[in-house]
Amino acid sequence: MFERSLVGLDRTRKGALIRMNGVGVCPGDDGVLALDRRWPDHAVALGWFRTHPVAVVFEPENTEEWPGARGWFSQLDGAQTELLSTALQVASWQRDHRFCGRCGHEMRRKPFEFAMVCPSCRFASFPRISPCIITLITRGDALLLARSPRFSVGRFSTLAGFIEPGETVEAAVRREVMEEVGVRVGEVEYFGSQSWPFPHSLMMGFYGEALSEEITIDGVEIEAADWFYPDQLPGLPPSFSIARALIDNFIEGR
């Protein structure tokens, strides 16, 4: 179990450690965890994992070919998946917020919480969380699945996008679907959420009921889309993703 508490870790310099570089995450003694290790000076404490203090260290100068973070998510259990997601986002935040975005001074880490504070203007920076929606649009038994140019060959998935300032999640579902595939959406129902550190996202999953059937792809974010029936599905997202959970849950409960 991962405990999100930094109490008592301000002077801790030894425990479990997650190492990562610009390529991937280092295999450890237990999944991504290297156990009973000295923490480098630039390691960042994350909390407690199975009663052990745990930290992450980003090693930009290290060019070892470690497995990519996405691959790890297909191998780890729920507790380590949550821990790795936290480590990825905290390491990215610390790397990208070394200097104050308001006045340019070097930031300092605040004890006992994930916060960088500017000693000059007192501006505080916290790890960025970007809310986004991911939605499975259905019409009867048919599923609307689409394909991004970034996907592997043959893979289709649900539609997703970031929530814009001042927008509700329901409005974001309807807007993203209309923008990407030209389908009008009526009723929207919440399904669940998943932390997704690619990049720093909180993905909120929904089902949406299509009010129109004709598809018009945007040709930029989406290169193909179609209605599929459960007995004729294309290649699907990996099993650990909320996109796959949306699809599997719909098929099992339809």
Side-chain angles (χ1 to χ4, degrees), residues 68-76 78 81-82 84-85 88-89 129-164 167-254:
R70 289 177 184 268
W72 278 112
F73 276 78
S74 65
Q75 303 177 37
L76 300 175
T81 295
E82 181 185 2
L84 178 58
S85 179
L88 288 165
Q89 295 186 65
I129 305 296
S130 301
C132 61
I133 57 89
I134 184 165
T135 179
L136 175 60
I137 304 303
T138 63
R139 187 172 177 83
D141 284 346
L143 297 76
L144 177 55
L145 301 177
R147 178 180 163 72
S148 164
R150 301 185 304 273
F151 288 176
S152 58
V153 176
R155 176 175 290 178
F156 281 70
S157 186
T158 54
L159 298 168
F162 289 103
I163 299 173
E164 296 186 350
E167 190 174 42
T168 67
V169 290
E170 295 84 0
V173 169
R174 298 185 176 98
R175 175 185 54 78
E176 283 288 346
V177 175
M178 176 57 70
E179 289 178 355
E180 295 185 350
V181 295
V183 172
R184 291 185 297 111
V185 175
E187 183 178 349
V188 173
E189 179 184 358
Y190 178 72
F191 168 73
S193 64
Q194 180 179 37
S195 175
W196 191 252
F198 305 110
H200 46 70
S201 303
L202 174 63
M203 303 190 77
M204 291 171 280
F206 294 86
Y207 289 109
E209 180 182 355
L211 297 180
S212 60
E213 188 173 358
E214 183 178 352
I215 295 172
T216 304
I217 63 172
D218 67 0
V220 179
E221 294 188 38
I222 301 299
E223 66 176 13
D226 207 344
W227 294 100
F228 295 91
Y229 288 89
D231 59 346
Q232 296 177 326
L233 292 174
L236 297 178
S239 59
F240 60 85
S241 67
I242 190 171
R244 182 61 174 271
L246 280 162
I247 295 169
D248 289 347
N249 183 69
F250 175 76
I251 292 173
E252 292 169 4
R254 66 190 174 91

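What you see is a predicted model; the values in this text were computed from it and never measured.
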Heavy-atom closest contact ([X] atom, [Y] atom, distance):
| X | Y | answer |
| --- | --- | --- |
| Gly182 | Ser212 | O-OG, 4.2 Å |
| Pro237 | Arg244 | O-NH1, 2.8 Å |
| Gly208 | Val185 | CA-CG1, 4.0 Å |
| Ala210 | Val183 | CB-CG1, 3.9 Å |
| Phe228 | Pro234 | CD2-CD, 3.5 Å |

What pairs with Glu223 under salt bridge (charged side-chain N to carboxylate O under 4.0 Å, His left out), at least two apart in sequence or on another chain?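 In terms of salt bridge (charged side-chain N to carboxylate O under 4.0 Å, His left out), with neighbours along the sequence ignored, Glu223 is linked to Arg147.
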Heavy-atom side-chain proximity of [X] to [Y] below 4.5 angstrom:
| X | Y | value |
| --- | --- | --- |
| Asp248 | Ser239 | no |
| Val188 | Val169 | no |
| Trp227 | Ile137 | yes |
| Ser74 | Pro238 | no |
| Ile163 | Met204 | yes |
| Ile242 | Thr158 | no |
| Tyr207 | Asn249 | yes |
| Ser201 | Phe162 | yes |

Check against side chain to side chain contact (heavy atoms under 4.5 Å, CB included), Ser85 and Phe73: CA-CA 9 Å; Ser85 179; Phe73 276 78; 4.1 Å; yes
Answer yes or no: are there more than 12 heavy-atom neighbours, outside Tyr190 itself, under 6.0 Å from its atom OH?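 More than 12 within 6.0 Å, yes.
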When rounded to the nearest 0.5 angstrom, what is the spacing between [atom1] in [X] and [atom2] in [Y]?
| X | Y | atom1 | atom2 | answer |
| --- | --- | --- | --- | --- |
| Ser193 | Ile133 | OG | CD1 | 13.5 Å |
| Asp141 | Arg139 | CG | CZ | 12.5 Å |
| Ile251 | Asp231 | CD1 | CG | 9.5 Å |
| Ser241 | Gln194 | OG | CD | 6.5 Å |
| Phe191 | Ile134 | CZ | CD1 | 10.5 Å |
| Trp72 | Leu84 | CH2 | CG | 8.5 Å |

Just by distance, do the side chain of [X] and the backbone of [Y] share a donor-acceptor pair under 3.5 Å?
| X | Y | answer |
| --- | --- | --- |
| Thr135 | Phe206 | yes |
| Ser148 | Arg150 | yes |
| Gln89 | Ile129 | no |

Identify the residue among Leu145, Leu159, Asp226, Thr216 that makes a side-chain contact (heavy atoms from CB on, under 4.5 Å) with Val181.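 Between Val181 and the candidates, side-chain contact (heavy atoms from CB on, under 4.5 Å) is satisfied uniquely by Leu159.
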Going by salt bridge (charged side-chain N to carboxylate O under 4.0 Å, His left out), name the pairs with one or both residues in residues 168-177, residues two or more places apart or in two chains.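 Every pair satisfying salt bridge (charged side-chain N to carboxylate O under 4.0 Å, His left out) with a residue in residues 168-177: Glu164-Arg175, Glu167-Arg175, Arg175-Glu179.
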